[in-house]
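Chain identifiers are assigned alphabetically (A, B, ...) following the order of the sequence lines, protein sequences preceding nucleic acid strands; residue numbering begins at 1 within each chain. Values in this document were obtained by computation on a predicted structure and should not be read as measured data.
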Amino acid sequence: MSDLVKAPPVLKLEDVAVAYKVRGGEIEAVQNVSFEINRGETHGIVGESGCGKSTVAWAIVNFLGANGYVKRGSIKFQGQELVGVTGEELRRLRGDQIAMVYQDPMQALNPSMRLGDQMSEVLTVHRGMDQDEAEERCIEMLERVYMPDAANVMKRYPHQISGGQQQRVVIATALLNNPALLIMDEPTTALDVTVEAAVLDLIAELRRDFDTAIMYITHNLGVVARVSTRVGVMYAGEMVERGTVEQIYARPQHPYTQGLLRCVPKLGSDKASSLLYPIRGRVPPPNNRPHGCIYAPRCDYVEDRCRNEPPKLRKLPNGIWVRCHFAEEINPDEWQPSEDIAPPEVGVADLTSEPILVVDDLKKYYEVQGTELKDVLGLSEKRYVKAVENASFKIPRGTTLGVVGESGCGKSTLIKTLIGLEETTDGDAKFLGFDITDRITEREKSLIQELQMVFQNPDSTMNPSYTVGQQISRPMRLFGTVPKDKLREEVIRLLNSMRLGENYYDRLPRQLSGGEKQRVGIARALASHPDLVLCDEPVSALDVSVQAAILNLLLEIQQEFDTTLVFIAHDLSVVRFFSDQVAVMYLGQVMEIGPAEAIYTPPYHPYSEALLSAVPIPDPTAKQKHIRLEGNVPSAIDPPSGCRFHTRCPRRSLLPDDGQICVTDTPPWREAGDGHRIYCHLPLETLRSFDPVISQEGS
Amino acid sequence: MAVQSMTKSPPTRLQKIWNSVSIIFDSRVATVGMGIVLFWLLVAFVSLFWTPFDPNATSFTQNLGPNATNLLGTDHLGRDILSRLMQGTQVILLKTRLPGTDISLPGGVAIWGVFGSLTFGSVLGLNAGYRGGWYDQIIMQVLDALIAFPRIVLYLVVIAALGQGDLVVILAITITGAPGVARLARSLALDIKTRDYIRAAETRGENVWYIMFNEILPNARGPLLVDGMLRVGYAIFAIGTLGFLGIGLPPPDPDWGNMVNEARRNIFANQLAVIWPAVSIASLVIGLNLFADGLREELTRYQK
């Protein structure tokens with residue numbers, strides 16, 4: 001090593017344990033966490049929910065609440081011990097040297113204060129600057145984070161700017177004091193992918209320019225790969241592996257990291273790379289952790305030593321720190337999925353078979369109630385939110401249609417309309433030959449039975465007052481599909497095919513984990529043997545390992561029951577392997593639709609191309625085209641004329657006149673063969689000439 | 001599988017009940033409240049079988065202070081105050097006398113009154129909250145109009161129209177309590193109806209009443225029950241007020257409010273005769289309030 005005297009790391013944690021006092025005892029939420037962050041370095045902390053990532057961050061700034069405290073270990077900030085520091089000293093440090101950015105910008109900003117006042121307060125309070133100077137600095141900083149029209153933003157209130165802009169304001173505020181340490185706790189999780197991509201770019205740039213140490217907490221392995229230099233992987237309150245990003249992703253040493261990487265969709269070019277292998281079992285609750293290695297119950301390589309002796313975090317010759325007895329002997333390349341987690345074989349679906357659902361030119365408008373007296377009296381012209389515009393597609397029996405788009409693109413409205421929770425404004429939708437443009441209350445019972453739905457939020461998908469058995473048997477009772485004396489038997493059969501087992505029959509929802517609740521939700525939807533199941537983001541609220549299991553389960557069920565699925569997602573990589581057809585929506589309009597493989601290779605619609613290039617890929621070596629959309633999604637009340645995407649389209653300049661035609665005319669459907677259709681003015685030859693968005697280095 | 005679950009020994013029914021009851025003891029406030037309420041319930045049960053003297057017998061000297069025979073003294077007609085206080089708990093908590101007969105329904109006037117307002121209130125509130133639109137407008141406007149009347153005036157109107165009696169008091173309590181319950185039930189329904197499981201019921205084509213009573217109501221139960229407990233306190237207060245005005249529960253059973261009213265006339269001769277029933281009303285109401293408050297606090301903490 002060099003003889004240079006190294007400056008102490010900005011942050012150094014040694015063997016930190018955090019405990020919470022709870023009813024009847026104490027829970028150690030975090031144990032034995034050690035890591036350090038140097039200047040100009042982004043240290044990612046990654047792990048599934050409930051593994052203690054945020055607790056570590058709170059421990060650093062002593063925000064643990066009334067019942068939490070640092071039980072053991074030391075937290076040193078620039079060489080100064082933070083454990084035990086309270087009151088004024090800590091308050092000064094927090095405002096001056098350590099800054100934080102949290103997940104939800106709407107909660108970080110005070111809704112009743114102008115943004116300028118909130119920002120300049122940091123400088124006037126901590127630096128004693130006068131108001132004018134502080135405001136000038138704030139405007140500079142807002143421009144630094146690429147906030148358009150910075151001087152005007154200072155006068156606005158938080159609700160007047162978009163979510164991505166709010167997060168920029170929070171980041172700008174955090175940087176105002178030029179902090180030595182910036183703690184970011186899932187700062188982009190609440191944002192859309194295209195917005196997230198831009199914020200991540202910004203974070204990477206700021207780290208270089210400001211030479212700040214960043215602690216970046218996230219559950220998303222793709223995001224970590226994009227922003228971090230070093231990564232620590234946390235599992236059940238312990239740090240199990242730590243190393244540089246390249247090392248961790250190319251050659252993970254801990255079985256948990258290996259498992260985690262295997263259950264993330266990769267968005268590679270070939271289908272095989274999208275196979276998902278879930279991790280069996282679940283994260284142990286903090287009050288019931290195993291005695292030996294905490295990962296032992298779920299590990300493929302477990303031996304007796306693992307069950308009895310907790311491994312120490314130790315440094316391997318290649319520089320990776322790992323908490324595993326057998327790290328040297330495990331070779332992830334030789335890993336074979338055991339039978340219970342192997343993904344199902346998927347045959348090629350026949351897209352030419354008879355369609356079960358035919359949607360033609362479907363429209364759904366919501367009337368907007370104005371606030372003026374004229375509006376209330378009904379005298380002014382009626383205005384509409386055009387939530388879904390001219391949606392047309394066919395779904396052959398037994399296949400899956402994936403619908404992708406950012407929030408507010410109308411994908412949820414589309415399925416709400418199909419299932420009859422909303423009335424269709426115009427257009428045609430036929431399911432099994434029956435018209436389904438009316439509300440559900442007007443439909444035949446036998447038709448309702450064939451069209452069921454799986455919901456997004458595992459915590460609200462089940463009624464907390466009823467047991468699993470009662471909830472799954474309800475549709476059977478209602479539709480009379482199963483005789484009364486066979487109900488229990490049938491529910492248990494269904495539970496078994498969800499891999500839940502009979503002992504779940506009498507459990508209440510609060511006794512289930514998120515993934516289990518989602519399985520019950522799927523079982524309930526399948527209980528009436530529907531022909532078509534609409535899935536509204538069924539995995540987006542789940543951890544990656546659980547998400548993989550649910551996706552594989554849905555595939556299996558589709559084969560077993562020959563069910564047709566409509567699958568909504570905001571994440572392009574999730575639908576990649578799962579769907580036979582994919583539709584990309586923007587602002588209520590289907591922009592591109594076609595067989596799944598066709599969507600991920602050229603020709604692309606410019607919007608699909610931008611979406612693909614924004615998805616964070618959990619592979620630091622993958623090359624991704626750098627396309628960032630400008631501005632915000634326009635309001636659906638007055639959608640842009642012509643092509644709805646023209647205000648943000650990065651490819652418009654390829655057309656003559658800087659794409660004047662996009663503003664004036666609605667685009668034609670370009671047929672690219674095989675049912676692949678693109679809604680764009682650009683001729684097919686141009687669209688074909690785009691490079692693939694994702695390519696592997698060296699290939 | 002069976003062996004595994006055996007070794008874990010699932011909690012018996014008794015343990016489960018104890019687990020849910022034991023949160024009361026986590027809150028000191030709730031424990032104290034429950035102690036007071038249980039004391040009065042015990043008094044009520046004892047009074048069914050035994051009181052020191054006949055509550056209506058005028059066999060003692062008038063306006064006695066507390067002494068060895070009459071522990072709390074006697075009133076202006078020479079009746080034993082302790083016996084009357086004990087007997088007075090019955091009409092509030094334990095029995096409702098049907099007019100014209102000697103039959104009594106189990107459950108006191110306060111309990112039935114609150115039960116009535118809970119039933120009416122939640123039916124109206126669930127309809128307003130879940131259905132929304134015109135249902136909401138009409139139901140809530142009517143109930144708001146009802147709230148706008150001063151309570152006492154409402155009581156007077158009901159009793160003037162229907163005469164005196166236990167059932168009429170129950171009706172008066174129901175009518176004045178229902179709007180408040182309805183507001184609570186409506187706000188709960190507005191929250192719960194956004195959950196996915198309601199969407200799931202709708203996509204199964206469930207009946208509106210099934211959704212309101214089988215999907216929403218069980219999840220609104222907790223806050224409604226706590227509110228109901230507070231309302232028992234208000235109802236006892238209301239009975240006291242009516243008794244004081246002389247239009248409450250009819251004789252022969254002693255009524256706390258009426259006892260205060262009668263003793264008030266002799267307040268310069270015997271102050272304690274006013275104090276005893278007043279303190280009884282206050283302590284029972286405070287007990288119920290403490291119990292409900294503590295329970296609510298513990299329940300919401302438990303959810304977090």
Is the number of heavy atoms from other residues, nucleotides or ligands within 6.0 Å of [atom1] ([X]) greater than 12?
| X | atom1 | result |
| --- | --- | --- |
| A:Phe63 | CZ | yes |
| A:Glu442 | CD | yes |
| B:Arg221 | CZ | no |
| A:Glu502 | CD | no |
| B:Phe237 | CZ | no |
| B:Arg199 | CZ | yes |
| A:Gln511 | CD | yes |

query = Donor-acceptor pair, A:Tyr466 side chain versus B:Asn214 backbone, under 3.5 Å?
reply =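 Side chain of A:Tyr466 to backbone of B:Asn214: a pair is present.
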
ask   = Any idea which heavy atoms bring B:Glu206 and A:Leu478 closest together, and the distance?
value =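 Scanning both residues, the minimum pair turns out to be OE1-CD1, 3.6 Å.
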
key: For the student: nearest non-hydrogen atoms of A:Ser465 and B:Asn219, plus distance   =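 That closest heavy-atom pairing would be OG-OD1, 2.5 Å.
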
message = Testing the 3.5 Å rule here: is there a donor-acceptor pair between the side chains of B:Asp196 and A:Thr461?
response =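 There is no such pair (donor and acceptor under 3.5 Å, judged by atom type) between the side chains of B:Asp196 and A:Thr461.
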
query = Pick from A:Met462, A:Gln456, A:Met453: which one has the most heavy-atom pairs with chain B under 4.5 Å?
reply =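 It is A:Met462.
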
request  = Report the option among A:Arg443, A:Lys445, A:Arg524, A:Arg510 that has the most heavy-atom pairs separated by less than 4.5 Å from atoms of chain B.
outcome  =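 The candidate making the most pairs under 4.5 Å is A:Arg524.
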
query = Do the non-hydrogen side-chain atoms of B:Thr203 and A:Phe455 ever get within less than 4.5 Å of each other?
reply =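 Yes, at least one pair of side-chain atoms sits under 4.5 Å.
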
inquiry  = Does any backbone or side-chain atom of B:Asn207 lie under 4.5 Å from a heavy atom of chain A? Answer side chain, backbone, both or neither.
reply    =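 It is neither, since no heavy atom gets under 4.5 Å.
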
request  = Answer with side chain, backbone, both or neither: which region of A:Leu451 has an atom nearer than 4.5 Å to a non-hydrogen atom of chain B?
outcome  =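 Answer is backbone: N, CA, C or O of A:Leu451 sit under 4.5 Å from chain B.
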
